[in-house]
Every structure is written in C-alpha cells, then in structure tokens.
Q: 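Take this structure, written in structure tokens, and hold onto it; I'll ask about it next.
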Amino acid sequence: MFRIVLRSVFRDRHRFALPAFAVLIGVACVSGSLLYTGSLARDAERLQRASRPDVSVEVRATGERAAADEALRRRLAKLPGVAVARGTLRGWAFLVAPDGTLVGEPSADIGVDHLPGARGADPRYPMTVGRGPHGPDEVAVDRWAADLAGYRVGDRVRVVVGGEVRTARLTGVFTVDDPATAAGGTVTAFDAATARALFAPGPGRYESVTLTAAGGTSEAALAERVAAVVPRGLDVATRAELDAEAAQSPDRKKLGTILLLFAGIVLFVSVFLVGNTFSMLSALRAREHALLRAVGAGRGRVLAQVLLEAALVGAGAAVVGHVLGVGVAMLLGTLFGPAAGPANAVRPDVLAPLPLVTALCLGVGCTAVSAFLPARRAAATAPVAALRSGLPVAASASRRRSWAGGVCAVLGASALATAGEDLGVLCLATSALLAGLVLLTPLFAWGVTRVLRVPVRRLTGVRGTLALANARRDPQRTAATSGALTVCVALVGAVTVAVSSLSATAEQEAMTAVPGDLRITAVDFGEIGDGTAARVARLPHVAAAGSVREAGFGLPDGSHLWTAAVDPHAVNEGRLVGLRVRSGDLSGLSRGIAVTTDLAEERGWRVGDRVTGRRLSDPGTADGPPLDREIVAVYDGPEALGPALLPERAVTGGGRPAAGVNAVLVRAEPGRTDAAKAEIHRALRNPMLLVEDRADAARAARQGFGSLLSVLYALLSVTVVVAALGVANTMSMAVLERGREIGLLRAVGLRRADVRSMLRVEAVVVSVLGAGLGVLAGTAAGRAAAAGAGAVVGVPWVFLLAVFTGAGVIGVLAALGPGVRAARVPVTRAVGGEVG
C-alpha cells in the first residue's frame, strides 16, 4: 500500500502543491514563533548572568512589611561564605543627545549605582575609557550610548531623572551586557550617594541586596545561611533561580502566546483548503476507489490509503515549513526587536526538540484531520461505481447541517449581545457565530446564486449563467472555499471595528483630558518634576499653571476613592479651569475636600459630611497616611479634575511628594496659546515632556492605535494569503474535474476568453460570499467587544467596503492561472477525457 500511496502522491503532486503550501505557511509560523520565543528566553538568561556576574544570591523584598536596607546589607556581609554584599539601586534615567533628542528607547533607559570594589573597579560596569563618577555632577554611560550620541569623556551631558534635567560631566565609558541595552536603551551610572538620592525606595533602602559567594561556598549553601537570618517578607533567590525567572518573563510569554495564536489561525484556515482538496480529489478518483473495492480492498484500506497520502503531504510540508520557520524567527526578531540598540540578533536553535516535534505533529495532524471526512467518503464508495461512466453527483446542502448552522448562529449572536466585558464569552460567542455562518454557507450559496442569476446574466450573458450554475452545483464545496475567507475577513473586521472604536474613544478622552489651553505630560516611563508648574507659571504668555497629582484612598467600606490634588487657590479663583459649584464653596478646599455631583449622588454625600480613609500604597493596600476631611463643595467639572479634589499639600509631606505629578495644566493669555507652547518648550528643554493642546492630544491618541492596527494587519495578512490560495486551489481543481465539460463548451462555440471569464465570475461569487459573511460576523464581534470595553462604538464602513471589494479582487486574481490553463487545453483532448 505504501508504494501505491507514493505513486499516487507523485502523480497528483501538482494538485497537492497549494494545500501543502498552505500547511507549510502555518507550520513555518508556528515553528518561527516557538524558535523566536525560545531564543528570547535563552538571551534573557544570558543577559541576566552577564549583567550581574558578581551575584550568587539575591535578597529582595516581597511586600511593604520588610525592606532590604543598609542594616541588612551589613548583617549579611558578616555571614560566613560572603565575599561581597552589595545594595542594588536602579531607576529611570534618560540620556539626552546634543541635538535635544533622547538616546535609545525610553522604555529601557535606566540609571544605576556605580560601586567600585577594593581594586577601584565595578565588576558590573568595567570602564574602558576614563573613570567612574565621584560626585553628583558626574556620570558614566555605556559605550553604545556614548557612540550613538557622539559623547566623549569630558563632555557635558544632560540626563533626565525624576522629571528634572540634570547637567553633568561625563567621566567614563563602560562596557555592559544588560537587558536594557539589548532592548535599545541606555545605562547611566551615578556614584553611590547620588544614586541613593535619586533611586532609593526609601531612606537607607535598596531594591535588593546581592551577595557574592566566597571561594569554596556554593550558591545553595549560601542561600540556606541567608534564609536563616533574613526577616519575614524577604525572598532569597540563588543565581540559578534568577536566571530561570529571567527566561520565564510574563511579557515574553504573552508575546509568544499572541504569535502562536495568529499561527494557529493560519493553520485553521489551512484546514479548509486541505479538506476541500481531498474532497475534490475523492470525487475525481471515485472510479479508482471503486476499482480497489471491487478487487477486494476493504473500506479500512481505502481510508488508510487516503489518510496516508495526507500524512505524507503534511510531513513534507512540515519539514520545509520548519526550515522556513528559522527565517520567520529571524524576521520576528527584526519586527519586534528594538528600533535601535547594539547587535543582539536572535539565534534560533534549529534542532530544538519542541519546535521540531511540534512542526511535524501539526503538519501531519492538520492534513490527516482535514482529510478524514473526505477519506471516509472515499472509503464508502461502492464497488459498482467502477461501472459508471460519469462522476458521482455532488452533494447538496443537507437539512441537518442547515439546522445546526442556524442554531449555532443564533446562539453566537445572542451571546455576543450579552457578552459585556467577559473576554472568554466574547471569544466563544464569536466562534459559535462563525461556525454557524460556515455551516449555513451552502444554503447562502444556493440563495445568493439564485438572486444573482438575473443581474449576472444581463451583465455577462451565458458565461455568468454557467458560473453561477457551477457555484450552485456543489454548495458544500463552495462553502468550504468561501469559509476560509469568512474566517479571515471576520478577524480583520472585528479587529478594525474594535480598534477603531477604541481609537475614537481614546481621542475623545484625550481631548477632554486637556481642560485648559495646554497640558504638560510625561511620555511613557517619564516623570514631571515637582517644580515644573512654578517654572512654567513665570513664563511670558502664560496666565496660570498648576500641577495635578493623583492619589487613591481606601474607604472604610472597602471601596476606593481617587482624587486629584491641585493648587486650591488656582482652582478656587478659576485661573486654570472653570468649575461649576453646585453647593458649598471651593474657598475652603485648603482644609477640606470637594467632590463631583455624580460622586456625591452615588455616595449620598452632602456638604459638611466627613470623608475618612487611608492612602493607598503602590501595591494597592490602604496602609498609608490617614484621610479625614470635611466636604466643602460639590461641583461639576472635567474628568481631569475629578471625581474629587484635594489640596496639593494633602498628598505631600516632608518636602518630598508622596504622589508624583500626573500633569501640569496651563492657561495661556488670550490668543497666545501657540506662543506659550513655544516658550514652554524652550524653557523646559526636556524631551521627556509633551506640551499639547486638544488637537495634539487627539492626534497622539489616534497615532498609537494606528501602529497597533498595522501590526495586527501584518499578522492577519498571512491568513488572507492562505484563504486566497484556497480559492485558487478550488478553481484549479475545478478545471481538472470539469475538463470534458469545458471541452464540450468550447466545441459548441465558447471562446477561450469566455472560459476565463466564466471561471473569474465563479471565483468572484465565491470570494464575495465569504467576504460578506465575514464582514457581518466581524462587525458584530467588533461592536460587541467595543461596547463591552465601554468604548464609543464606531464602524468604519468605508474600510469594510474596501475589504469587501478586495475579496472580489482576490477572486479575479485566484482565477487567472486556472483560467489560462483551461483556455489552453485543445478541444479534441478535452472532449476525449479529463484534463490533467
């Protein structure tokens, strides 16, 4: 049997080419994703070890109750087997280039403490040029950042730390192999005292204490000694545990899951193509299977033969797909790697067992599963079918399938309408709706072709009539072909509607978040300095400026209250933003609290009531300073100043704010908004700060979602390619199946151009049918997702119309090759037998 299968696959190799290519693409995406994420894990582990070569054991805090402080460091330094005990400090520090731009990726720009050892060198940051920093006005930077910015030892450099721009002298350049530089960021080193002032989580505290084991002491033994003396609330981790944690980053797992999800979608769409191919092959080879049954082959043998053919095709596609997966992994490294940074090329392990085994299992499994139903139909061919001169009649849409599709579609649509914010219900509902529409596609195909019969006949004549008849001849095949497009277009439509709705909502919120003329905010990972508002207020063309800080409080009933801390005088006098006071008086804000009308109605609060609670700490627990203030006013105002107002001094203390500045609101002199914006840029000279009016904020909100859409479209485009291959494959197989029919049509006067036109019309009908159902399902899913997220639902009808039109273009392109092949077949040969 194996020899028969090999001959059969080799004979029909041109018929298996497109389905094998579709599986190949899916396997390449899966292998590439696994190879890429595996390489990231190995690189992360390597960087973790290389960036801190002196770490044997690390002690770190797991909560607020215990801290890694200087007293603990000294106590640990005296333990037997400890060579060095080092307190680690790390925070955001952004290096500014001479032209005023940031050097490197802001998300990876860090500042560290430089701690020279007994020999005057820091093992983590060995200097290649110059020396380490010795005071608050000196810094050292990594070599890549210095080369990129063009800095040399002795230059004056600017560094943004804590929202303030600091000027310092560059004293040294060091080499480092750090996760920050691998991500395209920079590393700026400060002396120990300066780093404590800038980055310490509290007086005398460290992020962690790292220990270097003395000679003859193992990491495990040292960890046991340390665990016996550290207080509760501190975690002790060995070098091996730290490396394993770096390799198992949650962000890396999330990226791997997303990539595998899209790769799975590609394979799922490929299943339609493979199944359709074997269905059509079973029809073409019905007499062959009947002859096998007639000479004694049982149903099991025929079933095994077809499945073995599928397995061979899948295995070949899997092997080639895994090889191409290496290229996909390299491409992913380029797409998702840093825009700038030192060379950190992803090196996929081609022989890694997990991607290789997964590729083989998926390639063989997908093709075998897709071919199972066609194989069962082939095995059920009666021996008497060998006596027939024609092909078996194509199956029509069954009533059972239509009922099942209707139930699935209704259940899916109902679940979408009630999904709300539950992502799991939303995904299940969308899947049910898609499954129902795919099951109903034969019925839709019959109905659509009947409706289009008159207009298509008037536009294209007999060619259109024949094309629609061919599409109606086997509605299940039409459904299998258009089903892949339905899934792809539904995904594109859902993503487009959801992201467009979120973009519109973000744009609206961004505009309302600028209640004054201008707003100063920090870019991601940046901060606004405490004195920024005071500096801006002194500038020409600025009428008023004030900081807004966000502070949360836990109330006695267990709920949370979020407040905006502002300058009470600026708010009371209306210099910044006009607030409408419903009751009470904002002049008493310096000693009380003001709440919005909505919050007062929700809580049943009135002027004179007292609000009590405790300040929320970073972990979200109410263990901070107490809150006990009288409500002095109930007001209406913009969301940026709500749902409650506190005076700024209520969330500051000891000269150091307990809540960072979220924004600085600016009111310009009448007609001088642009001039005020230019003055602020010149005065602050801080590339980490954004000075925006309402139009700028709306534009920035739109741009962020535009980038997200581009990435999603790039990933989904692979599924569209596979779906287009499915249409082309169906048209190619249809030419082979209808060779005699096409020859007879040519014999009675149909021209070659007419044959090509007939196939184009059929392909367009199939494509448009799939796209129409996909747009319907995608729009419903996208609207449900947007509504569940509380977004303003917006449907980009122009884009969806373009997608629908693009499906027709796909149909035209898919029919080009098969049309040319059908038109070139000689009439005498076609009449005499099948084309092939």
Side-chain angles (χ1 to χ4, degrees), residues 508-521 528 530 532-534 536-537 542-616 622 624-653 657-668 694:
Q508 187 179 54
E509 292 176 349
M511 294 182 69
T512 58
V514 186
D517 296 325
L518 298 171
R519 181 189 62 173
I520 302 174
T521 56
I528 302 176
D530 299 325
T532 302
V536 171
V542 174
S547 301
V548 178
R549 307 172 191 266
E550 185 181 76
F553 294 88
L555 302 184
D557 61 359
S559 62
H560 292 166
L561 172 65
W562 294 98
T563 65
V566 297
D567 178 359
H569 301 291
V571 171
N572 179 41
E573 298 170 5
R575 292 185 299 143
L576 276 179
V577 180
L579 301 179
R580 185 177 181 182
V581 179
R582 295 290 187 177
S583 60
D585 191 351
L586 284 174
S587 61
L589 182 60
S590 58
R591 55 178 172 76
I593 184 174
V595 298
T596 61
T597 303
D598 292 339
L599 181 62
E601 293 177 353
E602 177 187 342
R603 297 278 184 175
W605 287 340
R606 297 181 180 180
V607 173
D609 292 346
R610 302 197 71 82
V611 179
T612 60
R614 278 195 171 274
R615 178 76 179 277
L616 297 176
L627 172 71
D628 186 2
R629 286 183 171 262
E630 179 185 346
I631 297 177
V632 298
V634 177
Y635 69 96
D636 289 331
E639 292 184 6
L641 297 177
L645 289 177
L646 281 176
E648 220 174 353
R649 64 182 179 84
V651 295
T652 61
V661 178
N662 289 78
V664 174
L665 302 182
V666 180
R667 171 156 289 182
R694 290 185 179 89

Q: List the residues meeting side-chain contact (heavy atoms from CB on, under 4.5 Å) with Val514, not counting sequence neighbours, and say none if there are none.
A: Arg519, Arg694, Ala697
Q: Check side-chain hydrogen bond (donor to acceptor under 3.5 Å, both in side chains) between Ser587 and all other residues, then give those that pass, not counting sequence neighbours.
A: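 In terms of side-chain hydrogen bond (donor to acceptor under 3.5 Å, both in side chains), with neighbours along the sequence ignored, Ser587 is linked to Asp585.
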Q: Check Asp609 against Gly604 and note the closest heavy-atom contact, atom names and distance.
A: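 Between these two residues, the closest heavy atoms are OD2-O, 4.0 Å.
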Q: Taking the side chain as everything from C-beta on, heavy atoms only, tell me whether Trp605 gets closer than 4.5 Å to Val634.
A: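 Side-chain contact under 4.5 Å: no.
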Q: List the steps, then state whether side-chain contact (heavy atoms from CB on, under 4.5 Å) holds for Thr612 with Phe553.
A: CA-CA 9 Å; Thr612 60; Phe553 294 88; over 6 Å; no
Q: How close do Gly637 and Leu579 get, counting heavy atoms only, and between which atoms?
A: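 In terms of heavy atoms, the two residues are closest at CA-CD2, 3.9 Å.
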Q: Name the residue from Leu646, Val611, Leu641, Leu627 that meets the side chain to side chain contact (heavy atoms under 4.5 Å, CB included) definition with Thr563.
A: Leu646
Q: Are side-chain heavy atoms of Val661 and Asp530 found at a separation under 4.5 Å?
A: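 In short, these two side chains touch, coming nearer than 4.5 Å.
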Q: Rounded to the nearest 0.5 Å, what's the gap from OH on Tyr635 to OG1 on Thr596? Could you check?
A: 5.5 Å
Q: Looking at every non-hydrogen atom in both residues, tell me the closest pair between Ile528 and Ala663 and how far apart they are.
A: CD1-CA, 3.8 Å
Q: Hey, could you give me each pair passing salt bridge (charged side-chain N to carboxylate O under 4.0 Å, His left out) that has a residue in residues 588-608? Not counting sequence neighbours.
A: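 Found Asp557-Arg603.
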Q: Is the closest side-chain heavy-atom distance between Ser547 and Glu648 below 4.5 Å?
A: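 A side-chain contact exists here, since the closest heavy-atom pair is under 4.5 Å.
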Q: Could you list the residues that satisfy side-chain contact (heavy atoms from CB on, under 4.5 Å) with Ala640, not counting sequence neighbours?
A: Pro515
Q: What is the minimum heavy-atom distance between Ala650 and Arg629, and which atoms define it?
A: CB-NH2, 3.7 Å
Q: Could you check Val666 against Val536 for side-chain contact (heavy atoms from CB on, under 4.5 Å), going step by step and ending with a plain yes or no?
A: CA-CA 8 Å; Val666 180; Val536 171; 4.0 Å; yes
Q: Provide the closest heavy-atom pair for Ala594 versus Leu586 in the form atom of the first, atom of the second, distance.
A: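 Shortest heavy-atom contact: CB-CD2, 3.8 Å.
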Q: Test of understanding: with side-chain hydrogen bond (donor to acceptor under 3.5 Å, both in side chains), list the residues that count as partners of Thr597, not counting sequence neighbours.
A: Asp636
Q: May I ask you to test the His560-Leu616 pair for a side-chain heavy-atom distance under 4.5 Å?
A: yes
Q: Does any part of the side chain of Glu550, heavy atoms only, come nearer than 4.5 Å to the side chain of Trp562, both counted from C-beta?
A: yes
Q: Tell me, with the steps shown, if Val548 and Val664 meet side-chain contact (heavy atoms from CB on, under 4.5 Å).
A: CA-CA 6 Å; Val548 178; Val664 174; over 6 Å; no
Q: For the residue pair Val577 and Leu665, what are the closest heavy atoms and their distance?
A: CG2-CD1, 4.2 Å
Q: Hey, does Leu561 have a side-chain heavy atom less than 4.5 Å from the side chain of Ile593?
A: yes
Q: How long is the span from the CD1 atom in Ile631 to the CG atom in Leu645, to the nearest 0.5 Å?
A: 12.0 Å
Q: Could you work out, with side-chain contact (heavy atoms from CB on, under 4.5 Å) as the rule, every residue matching Arg667, not counting sequence neighbours?
A: Asp517, Ala543
Q: Return yes when atom CD of Glu639 has more than 12 non-hydrogen atoms of other residues, nucleotides or ligands closer than 6.0 Å, and no otherwise.
A: no
Q: Taking Arg649 for its side chain and Ser590 for its backbone only, find out whether a donor-acceptor pair lies under 3.5 Å.
A: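 Checked: pair present.
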